[in-house]
Amino acid sequence: MTLEEIHGQQPMPAGHDWMQGAGTALHELLVSAQRRGCLTAGVYESAKLMNVDPDNVAFCVLAADQEDEGDIALQIHFTLIQAFCCENDIDIVRVNDVAKLAAIVGPSEDSGEPRDLHCILITNPNEEGWKDPALEKLNFFCEESRNINDWVPTITLPE
């Protein structure tokens, strides 16, 4: 008998397909959210939004490259954002490739400048009926990850 059977939980699907599916879903969600104007990028912009309207935040992505791992200030921000997301039942994932994220999200629409992509929030649009299948897949992925005590899973974005 496995631990999952004892607690009545289904084991997380094994293998590369499950992770690749989550990466594809994240890519789809980012594109869809940006098209709908439901994407907030930047650590400070995200913190302001979470402080003002936490009920409107549907999903959070934290991104850091290898060289960002030594940035203590960024890690403190990540810890505070993670705590806030856990407290407010906001699903959260990590991405280890800011360049891939930048390729998906692109530069700031206002200035055309590269933007801070260390934290991205997906907010609920004002449209009542909008249900994004990619968001539902990611919510399920996060729930399954928590079942195996991975509270902030890392997702690999597709090429």
To check you understand the geometry: which heavy-atom pair defines the closest contact between [X] and [Y], and what is its length?
| X | Y | result |
| --- | --- | --- |
| Ala63 | Leu117 | CB-O, 3.4 Å |
| Leu138 | Ala22 | CD2-O, 3.5 Å |
| Glu159 | Lys100 | OE2-NZ, 2.7 Å |
| Cys85 | Met50 | SG-SD, 4.3 Å |
| Ser32 | Asp132 | OG-OD2, 2.9 Å |
| Ala25 | Ala134 | O-CB, 3.3 Å |

Cluster check Leu62, Leu29: I/L/V/M/F/W/Y, side chain < 4.5 angstrom: no
Ile92 reachable from Leu74 in the ILVMFWY side-chain graph, under 4.5 Å edges: yes
Kindly indicate whether the side chain of [X], heavy atoms from C-beta on, has any atom under 4.5 Å from the side chain of [Y].
| X | Y | value |
| --- | --- | --- |
| Asn139 | Glu143 | no |
| Leu26 | Lys137 | no |
| Leu30 | Leu101 | yes |
| Val152 | Val93 | no |
| Ile120 | Leu39 | yes |

Would you check if the side chain of [X] reaches a backbone N or O of [Y] as a donor-acceptor pair within less than 3.5 Å?
| X | Y | answer |
| --- | --- | --- |
| Asp53 | Leu49 | no |
| Asp65 | Asp68 | no |
| Asp71 | Ala73 | yes |
| Asn88 | Pro54 | no |
| Asn56 | Thr123 | no |

Inter-residue atom distance Gln34.CD - Arg36.CZ, 0.5 Å rounding: 13.0 Å
CG on Leu135 to CD on Glu28, rounded to 0.5 Å: 11.5 Å
Summary of ring pair (Phe, Tyr, Trp, His ring centres under 6.0 Å) pairs that have at least one residue in residues 83-105, sequence neighbours excluded: none
Sequence neighbours excluded, every pair satisfying ring pair (Phe, Tyr, Trp, His ring centres under 6.0 Å) that has a member inside residues 40-78: Tyr44-His77
Check ion pair Asp91-Arg146 (N to O, under 4.0 angstrom): yes
Intermediate values then yes/no, side-chain contact (heavy atoms from CB on, under 4.5 Å), Cys60 and Ser46: CA-CA 9 Å; Cys60 179; Ser46 297; over 6 Å; no
Pair Thr156-Asn96, side-chain contact (heavy atoms from CB on, under 4.5 Å): steps then yes or no: CA-CA 7 Å; Thr156 302; Asn96 288 333; over 6 Å; no
